[in-house]
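Let me begin by presenting the structure, written as structure tokens, before commenting on it.
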Amino acid sequence: NKRHTVLIDVDTFNSQRKILTQKGRDLWHSDFVKMPCSQATHQKSRWDVISKKLKSLASKKTASVKDVEEAIIKYNPKYKDQWSFDALHTLDKNTHDTENYYKTLFPKIAALALKLPSFVNKAIPLLRKGQSAAITMSQVQISCLLANAFFCTFPHRNTSSPNAEYSGYPSINFNSLFGNLSRRKIEKLRAIMHYFKEVTDESTRPKGLVTFERECLSYTDMPTWESCKANLSKLHITSEGQIELEGKGMLQVDFANSLIGGGVLGSGLLQEEILFVINPELIVARLFTEKLEDNECLIITGSQQFSSYSGFGDSFEWAGPYEDQSERDEWARRKTKILAIDAMNFRHSVDQYRMRHITRELNKAYCGFKGYDGHENPDIATGKWGCGAFNGDPQLKALIQLMAAAKAKRGLAFFTFGDENLKQRLQRIYDLMFAEGITVGTLYKLLRDFSPAKHCDSHVDLFDFIEKNRNSKSHL
Ligand code: APR
């Protein structure tokens with residue numbers, strides 16, 4: 001009975017499918033995204049100021065970064081001395097005239113942002129914690145919402161104080177991307193500007209739909225891991241390649257933050273932020289997705305990859321346009337499926353071996369892997385989830401994901417991201433366990449025994465421990 005809101009209007013998306021189209025209402029209400037173009041009285045005058053500024057930008061052939069800055073500050077005057085635009089200025093200055101399309105692009109982004117009242121004329125429900133719900137919108141609508149994020153038009157979204165209305169939501173206005181100059185910011189901006197170039201050009205404008213689904217695993221659906229009789233499912237391990245490239249067609253795991261997208265609008269550039277920068281449509285999830293709880297995940301179907309990249313973190317570089325060839329489904333969505341699950345962030349590494357935490361991670365992974373109605377449920381492409389910024393043990397996280405996939409009856413492709421040692425050791429322990437028919441429940445009990453051993457001696461290695469002790473548990 002999951003609520004599924006479809007934001008498409010037949011006028012804007014000429015589909016032969018039976019898509020529910022309700023004429024939208026402008027709901028200035030705590031269950032919906034508060035829109036900059038809302039008719040709520042005090043917002044109306046704000047949109048008047050915004051649209052006046054954007055119209056003046058949109059009417060120009062070229063606009064400078066200074067013009068963009070002035071427009072944004074005009075309707076966000078409180079932040080005049082707080083927001084900096086140095087990264088955007090530097091991007092513009094450092095780009096050779098022959099390649100600098102930004103000055104002609106700014107007016108086009110402004111024109112796209114101005115379309116908001118007509119493009120998104122149905123209220124966008126918030127995907128709140130504790131409720132499974134989905135939203136489908138067109139890629140054009142997403143581009144319009146992101147154009148508004150670029151021009152920082154979303155109301156009530158500029159403060160992160162704990163009592164603020166949207167304090168449980170990620171940020172959405174792009175101001176944090178424009179300031180605090182760093183090499184990372186410049187590379188990110190190159191990717192984001194490329195996205196806007198594509199979506200504002202009639203010939204490359206994307207024409208599909210994207211669905212965002214928040215799934216909440218109820219307590220009754222949580223497996224009793226200790227007595228789980230499932231056998232391990234198939235596992236493919238490789239040290240080469242990346243989830244988002246070699247995992248095409250599979251359910252691709254986003255090593256997420258509970259605030260979806262993590263530091264994508266700041267200086268973060270790890271797996272999740274890179275994914276969001278090369279698939280900028282994912283960023284719109286930040287507009288309506290409340291912080292994920294321990295038993296929740298977000299599944300995004302249909303987003304498009306616009307950019308190629310190389311490197312990771314400080315070495316990340318935008319590597320030019322990417323031609324996404326993914327097929328589309330009967331809803332005109334690209335078949336790409338991204339699963340955002342946030343691992344726990346372990347300040348003290350030893351904490352992760354506590355059963356409470358292991359069970360949390362098992363349920364989190366299972367919530368994403370379990371498979372849902374209306375999905376094809378392909379194999380899962382993942383890797384060292386929670387093992388970088390979040391300090392997890394790759395051996396433990398590999399087993400946890402293997403157990404969750406076994407319970408969900410889905411195969412796993414595990415990308416060790418260049419870690420040859422992990423590849424070999426995981427292959428060996430998997431082969432042993434698979435040959436002996438070790439069940440998820442047995443593995444769970446082995447993990448329970450490992451926990452005190454690890455607390456006594458932090459050098460104990462999980463795979464060695466399992467190899468030595470597996471027979472003591474396998475009969476249970
Ligand atoms: N494909 C496969 N493996 C990858 C890829 C990729 N494209 N990118 C990175 N990895 C491997 C690297 O070995 C990395 O150290 O996954 C490891 C973990 O990646 P992190 O991004 O550090 O993931 P995590 O520890 O879960 O940290 C999550 O970082 O990006 C932010 O918003 C995110 O706050 C969250 C935190």
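We count residues from 1, following the sequence as given. If you're wondering where the values come from, they're calculated on a predicted model, not measured in any experiment. Just so you know, ligand 1 is whichever comes first in the structure, and atom 1 is the first atom listed for that ligand.
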**OP:** Under the side-chain contact (heavy atoms from CB on, under 4.5 Å) rule, what do Arg334 and Asp329 come out as? Steps first, then yes or no, please.
**Re:** CA-CA 6 Å; Arg334 289 190 183 274; Asp329 66 10; over 6 Å; no
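- Partners of Thr136 according to the side-chain contact (heavy atoms from CB on, under 4.5 Å) rule, which considers only residues two or more places apart in sequence or in another chain, are His4, Val6, Leu209, Thr211, Trp331.
- Residues of the protein with a heavy atom under 4.0 Å from ligand 1 are Gln242, Ile243, Glu244, Phe255, Ala256, Asn257, Gly262, Leu270, Gln271, Glu272, Glu273, Tyr309, Phe312, Lys384, Gly386, Cys387, Gly388, Ala389, Phe390, Phe417, listed by chain and number.
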Original post:
Going through the checks in order, is the side-chain contact (heavy atoms from CB on, under 4.5 Å) test met by Leu412 and His236?
Top reply: CA-CA 6 Å; Leu412 208 64; His236 171 75; over 6 Å; no
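- For Arg183, the side-chain contact (heavy atoms from CB on, under 4.5 Å) partners two or more places apart in sequence, or in a different chain, are Glu317.
- Side chains of Met403 and Leu447 form a contact here, defined as non-hydrogen atoms less than 4.5 Å apart.
- The salt bridge (charged side-chain N to carboxylate O under 4.0 Å, His left out) contacts involving residues 251-273 comprise nothing, where partners must be two or more places apart or lie in separate chains.
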